[in-house]
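Worksheet: the structure to be examined is printed underneath.
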Amino acid sequence: MDIKYLLFLQNIRLNAPEWFNELIQLITDIAGGILLIVIPMIIFFCIDKKKGEFVLFSLSIASVLNVILKNIICVYRPWIRSELVQPTKEAIDGAGGYSFPSSHTQGSASSYGSIAYVYRKKKAVCVTFIFLVLLVAFSRNYLGVHTPQDVIVAILEAIVVIYLTSIIQKKIGDSEKNRIVFYCIVVAVIVVATAFMVLKNYPIDYNDAGKMIYKPMRAIKSYSNKAGLIIGFFTAWILEEKYIAFSTDNLSLKNKLFRAFIGILFFYISAMLAIGVSSVISVKWIRAFAENGIQYFGTFFLGPLVFTKIEARKKRS
């Protein structure tokens, strides 16, 4: 049934105008990619720190949970399961890891779904972001890289984590002790999960040409990317609260735009720095962990450190 649905969409895609297919690919690349982190970052730095924190918590936790589920269940992609399914090359290039649940859908449901939740009293905002979630989910089916169950479970997973995040944020409150306890729990879980991901057995299958269908190291690396993200972000979060503690109260539009610029700038500077530093690491999964850890730490600690210093200097002058 799931393959039949994908073939139905594939028939539409093969007969659709090229511009429409390119638009769907753009949606999956942008709305299901860079915007997942940039929009929450702007909310966190510029609009409402507490709401942004909620979205980033939810996104980080669900991203790690999703890839752990992927690597436990180990479901191959649709085109591996059926030769009739023929995604575009661009779609396949952007499809990393196992198929179930969908990471793009989980990311959009966690990020945009959390935004819809924290701004649920603003109907236009809520509806817009829920629509984005559904659009990304549909794009994954349309492009042939995920089955319906991949995207449905990813959305349900994100909803569960959003609910858990609401409980976690209330429990932590403004208590430094609770923040430290939560951080230690996160680190402990990641240590155990990393050991499990590295040591577990993965299915080893070969295609007709004798080539391995999916290399276990690719799955471990996929997990390490998300593990680096969560450790990098939460380390930055706990240190920022202790040593910087920026506020989003009473910011002018000029200040908001300045912070957004600094945030995006440090996102890319940290990415380049991360690649340079981690390039000396020979073990692929450790390198992947280091890259994301450095990038997200740099973005969410060094970014605020810089913009608060500049803002303080402007006030004194």
Side-chain angles (χ1 to χ4, degrees), residues 26-27 29-60 107-108 110-133 135-136 165 169 172-174 176 179 229 232-275 292-317:
L26 187 66
I27 289 168
D29 289 342
I30 304 299
I34 187 63
L35 291 184
L36 297 179
I37 192 68
V38 169
I39 294 176
M41 180 181 68
I42 290 173
I43 294 172
F44 184 60
F45 287 165
C46 314
I47 301 172
D48 189 313
K49 187 177 184 181
K50 210 67 180 175
K51 285 183 170 64
E53 177 187 272
F54 182 97
V55 179
L56 290 164
F57 266 47
S58 175
L59 177 60
S60 301
S108 63
S110 296
S111 182
Y112 306 143
S114 294
I115 294 171
Y117 175 76
V118 296
Y119 287 104
R120 57 193 178 278
K121 293 182 180 179
K122 297 184 177 182
K123 289 186 178 180
V125 174
C126 186
V127 170
T128 297
F129 281 98
I130 289 175
F131 177 70
L132 272 177
V133 174
L135 201 57
V136 172
T165 301
Q169 194 177 53
I172 293 173
D174 296 321
E176 183 179 1
R179 283 197 296 271
L229 182 158
F233 168 69
F234 278 115
T235 302
W237 166 73
I238 202 165
L239 292 177
E240 187 282 321
E241 283 288 339
K242 185 174 179 62
Y243 297 108
I244 304 173
F246 72 86
S247 172
T248 51
D249 296 338
N250 304 315
L251 287 177
S252 66
L253 177 60
K254 184 179 179 181
N255 280 349
K256 289 178 180 179
L257 291 173
F258 171 70
R259 285 189 178 187
F261 170 75
I262 292 295
I264 293 170
L265 178 65
F266 266 83
F267 182 77
Y268 286 104
I269 289 175
S270 298
M272 290 186 288
L273 177 65
I275 292 171
N292 261 16
I294 293 169
Q295 181 178 10
Y296 284 91
F297 177 81
T299 301
F300 291 100
F301 182 75
L302 298 180
L305 180 65
V306 169
F307 68 62
T308 52
K309 291 289 185 183
I310 294 174
E311 287 170 355
R313 185 177 297 176
K314 284 183 178 180
K315 285 181 181 180
R316 289 195 299 269
S317 62

Nearest-0.5 Å distance that lies between atom CG in Asn292 and atom OG in Ser270: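 Rounded to the nearest 0.5 Å, the CG-OG separation comes to 11.5 Å.
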Ring-ring centroid check Phe300 Phe45, cutoff 6.0 Å: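 Yes, the ring of Phe300 comes within the 6.0 Å limit of the ring of Phe45, centre to centre.
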Near-ring test Phe246/Phe44, centroid separation under 6.0 angstrom: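 Judged by ring-centre distance (under 6.0 Å), Phe44 and Phe246 do meet the cut-off.
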Quick check: does any side chain N or O of [X] sit under 3.5 Å from a backbone N or O of [Y], one acting as donor and the other as acceptor?
{"X": "Thr248", "Y": "Lys49", "value": "yes"}
{"X": "Ser111", "Y": "Leu36", "value": "yes"}
{"X": "Glu240", "Y": "Ala245", "value": "yes"}
{"X": "Tyr112", "Y": "Ala31", "value": "yes"}
{"X": "Thr308", "Y": "Leu305", "value": "yes"}
{"X": "Glu241", "Y": "Glu176", "value": "no"}

Aromatic plane relationship, Phe234 with Trp237 - under 30° parallel, 30 to 60° tilted, over 60° perpendicular: perpendicular
Residues which pass salt bridge (Lys or Arg N to Asp or Glu O under 4.0 Å) with Lys50, listed by chain and number, not counting sequence neighbours: Glu53, Asp174
Minimum heavy-atom distance Leu229-Ser60, with the two atoms named: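 Nearest pair, atom of Leu229 first, then Ser60: CD2-OG, 3.5 Å.
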Sequence neighbours excluded, every pair satisfying salt bridge (Lys or Arg N to Asp or Glu O under 4.0 Å) that has a member inside residues 258-271: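 Sorted result for residues 258-271: Arg259-Glu311.
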Identify each donor-acceptor pair in which a side-chain atom of residues 118-132 lies under 3.5 Å from a protein atom, sequence neighbours left out, and give them as a table.
from: Arg120; atom 1: NH1; to: Tyr117; atom 2: O; distance (Å): 2.6
from: Thr128; atom 1: OG1; to: Ala124; atom 2: O; distance (Å): 2.7

